[in-house]
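Labels below follow one simple rule: chain letters A, B, ... track the order of the sequence lines, proteins then strands, and each chain is numbered from 1.
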Protein chains: 2
Amino acid sequence: MQTRATIRDVAKKANVSLMTVSRVVNKKGNTSKATTSKVLKAIKELNYRPNITARSLAAKKSDFIAIIVPDISNPFFSEMVKGAEDFARENGYNIFLGDTEGKVELEKEYIDAAINRMADGIILVAPRLEDNLICKINDNIPLVIVDRSINKNDVLQVYIDNLKGAMSAVEYLINLNHKHIAFLSGPKDVLDSLQREKGYIMALKKHNIPINPKLMLTSDFKFESGRYAFEKFFSNYPKPTAIFASNDIMAFGLIQRAHEMNVKVPKDVSIVGFDDISLSSLVNPPLTTVRHPMLKMGIKAVELLINKLDNQLDTKINFNLENTLIVRKSTRKIK
Amino acid sequence: MQTRATIRDVAKKANVSLMTVSRVVNKKGNTSKATTSKVLKAIKELNYRPNITARSLAAKKSDFIAIIVPDISNPFFSEMVKGAEDFARENGYNIFLGDTEGKVELEKEYIDAAINRMADGIILVAPRLEDNLICKINDNIPLVIVDRSINKNDVLQVYIDNLKGAMSAVEYLINLNHKHIAFLSGPKDVLDSLQREKGYIMALKKHNIPINPKLMLTSDFKFESGRYAFEKFFSNYPKPTAIFASNDIMAFGLIQRAHEMNVKVPKDVSIVGFDDISLSSLVNPPLTTVRHPMLKMGIKAVELLINKLDNQLDTKINFNLENTLIVRKSTRKIK
DNA sequence: CTAATTGTTGCTCTCGTTTGCATAACTTTA
DNA sequence: TAAAGTTATGCAAACGAGAGCAACAATTAG
C-alpha cells in the first residue's frame, strides 16, 4: 500500500504552488490552460486524491449527513434510508448511518458521534426520545425528525397523518359492511401507534358502531404478536369479521395464524395493515394496507435539511405527506 | 447555535496546556488526579467535544468503515448492514454507507469517496465489478468483499458455498420423490447465480435424473419474474412438481401466481427458495429455503477487516460460512 | 506611453487535533 | 549523595487543504 500523494507532492511535480493545484482541483479562480493541464498531468501521474477530511476540517463542513434509525434491517426504515441516501448523493452528500435498536442510549451516542464528526446535519427517527431533548439537539446541529411530529415550529419534521390514515382504513371496512372490527395496536409509548388507535375509535364513533374493548389489543409491532392476537381475537365472542393491524408485520402474523387455524382470508375475515412495506404486495393474499411513503419521507427529509443548510429559509417547516389506502386482496365485502 | 469549544478553550479555562487536555480526553499518558479533574470540569462547563475530523486528520485514521451495497432497501443487504453496523459500533467504528443500485459507476464513485474520506477500510458487495479492479482497490485500502469469492489470496472475503446450498435444496426435493424439478435462475453475470445453477444440475446428475431445458429459466432475481416464470413452467408439459428458485423473492412470485392460478402450494407444487430473508417465514405458506446468513456475514466481514487493521495477521483469508436448508411448509413429499 | 484593469500565481496563516521531543519535579536505588 | 528512573507537564511541528491577501504579468483604455 503506497503512501498517498498530497497536494504538495502534486505542486512540486508540476512546478507550481500548492494553491494553483487547489484551484485546479476545485475549478475555482483562474488558471491558465497550460498550467491547468500541467497540474492535471501531475495529478494523474501521482494518482492524487484530495483528502476530504482535511478539507472538511478547514471548511467546517463535512458533506456528511447522519441518518439515525431504530433498525436498518426493518424494511420500513431501510426504504427511508434508501430514499435519503439517493437524494443525498445526488446533492453531493454522503451518509453516516446509525442503527439504534430503538435504545435511547444509542440514539444519544450516535447524535454525539454525528456532532463530533462534524456532520452537516442529522436525520433522526427516534420515536421515544423526549421532546425537550430533541429541541436541545436542534440547537446544536441542523436536524430533521422523521415520522414524528413535535410542537415546536423551529424543528424540521416529516411525518404522515396517522389518524387520518387509520380512519380511512377503518371506514373502508365499515363500507364493506363490517361491524365487528378488531384493532391490534402497536406500543402505547409510540405516537404513531396512539394516533392510529385514535383513528380507529373515531371512525367507529362516526358511524355509530359501539367500541368493544374485547376487540382491542395492545401489542408491539412484531410478527409473533400478530399470530398471538389472532388466536386471542378468535377465542372471544363475537368473533371479528375484520381486523385492522397497526402495522403490516403484525398483519402478516394475523394472516399466518389464520391460515393455520383454517380461517380463510378474506373469505372468513378481512385484514388490513398499515405501512405498505415492500413485501405487503408479495404475501398471500396481497395485503390491503395504508401506504406509509417511507422512501418519499427519506427524500423529503434530506431535501428539507439541505434547504436549511443552504439557508433557503423556506417558510414550510413540517411536511405532512399523503398516506393512501392501498386496496389489495385481504379484504372483502360481506352480507 | 453557539460556537463550539476547542481543546484550546478548555486548556485556557483549566489553566493547563492543550496537551494535558488531550491526554485527559484520550486517557493516555499520565496526568495527576488534581489536573485531570480540573480539566474534566472545564470540559463539562464548556460542553467541549473533541472534533473527530481533526483527530482523523492528525492520526491518519478515521474510525470509519465504508459499507457499499447494491440496494439497502433489499432485506438481503440491509440485514448484512445491520450485522456489520452493530459489530463495528461495538468496536469503536462508525459506518459510511453507500448504495450503488448495482451500477458499476456508483460502485467506483463510492470507493473513491471512501478513500478520499480516509475510511479505514471498505466492505464491498459488488457482484459485477471486475476481479482486477477489486485487486486494485485492495492495493489502495483495506478491503473485504462479501458474498463473492475471488482467486486472489490477499483479498479478504466472506461468502457461502452456493453450489452446496443449491445441491442440498434439490436433493431434498429428490428425496421427497420429486422428479420434475424446475429451476428458476438468477442473472448469469452473477457468480452466486451460476453456482446455484451448477448445484441444481449436479444434484440431478447425481441422482440420474435427466436435465430438461424446458424446466430451466433464466431471470433477474425479481418478484415479477417469479410470477411470470410460474406461468411459463405450468404452460409446458410435463408440469414440474417442484420448483427451486434462485432467491426467495422470486419464490414469493411463484407462490403468488400459483395461488392466483389456483395451484396449491405445497399440495400441487413444492417450492424452495434461496436466502431465507426475514420475511420468508412470514409468507403463506412459510417458505422452505436455503439460509444465506447475511447478518453473520456482515459481522464476519467487519471482524476480518478490523483484524487486518490491527495487523493481526490471521492466516485465514476467506470465510465460507455455513448455509443450511430451512424446511418450512412450501414443500411436501409426493406419491 | 502611462495608468488602470484583469488574469495568474504564490505566501502565509488557519482549521482542531496528535505526535515527538524536551523539561522539570519528584522518587527510587546503590 | 549522586545517578538513574518516573511522573507530569508543555512546546512546536505536523496532518492536508483552503482563504485572504499580495505580487507580478499581461492586457486594455485614454
>> Distance check needed: C/dT17 C1' versus B/Lys61 NZ, whole Å only.
In response: 15 Å
> Taking CD1 from A/Ile7 and C1' from D/dA19, how many angstroms apart are they, rounded to a whole number?
Replying inline: 13 Å
>> So for atom CD, which belongs to A/Glu90, do other residues, nucleotides or ligands contribute more than 12 heavy atoms lying within a distance under 6.0 Å?
In response: yes
> Atom NZ of A/Lys60 and atom P of D/dA17: how far apart are they, to the nearest Å?
Replying inline: 19 Å
> With sugar-phosphate meaning primed atoms plus P, OP1 and OP2, does A/Thr53 contact a base, only sugar-phosphate, or nothing at under 4.0 Å between heavy atoms?
Replying inline: nothing
>> Between B/Phe64 and A/Phe64 (judged by ring centroids, cut-off 6.0 Å), do the two rings come close enough to count as a pair?
In response: yes
> Just by distance, do the side chain of A/Asn138 and the backbone of A/Asp154 share a donor-acceptor pair under 3.5 Å?
Replying inline: yes
> Looking across every strand, which nucleic acid part, if any, lies under 4.0 Å from A/Val25 by heavy atom: base, sugar-phosphate, or nothing?
Replying inline: nothing
> Which nucleotide, D/dG18, C/dG16, D/dA8, lies nearest any side-chain atom of B/Ala54?
Replying inline: C/dG16
> In whole angstrom, what separates B/Asp9's CG from C/dG16's P?
Replying inline: 9 Å
> C/dG16 P sits how many Å from B/Asn26 CG, rounded?
Replying inline: 17 Å
>> Mind checking if A/Ala58 touches a base, just sugar-phosphate, or nothing, with heavy atoms under 4.0 Å?
In response: base
> In whole angstroms, how far is the C1' atom of D/dC15 from the CZ atom of A/Arg55?
Replying inline: 16 Å
> Out of A/Ile145, A/Asn307, A/Val146, A/Val144, which residue meets the side-chain contact (heavy atoms from CB on, under 4.5 Å) rule with A/Leu156?
Replying inline: A/Val144
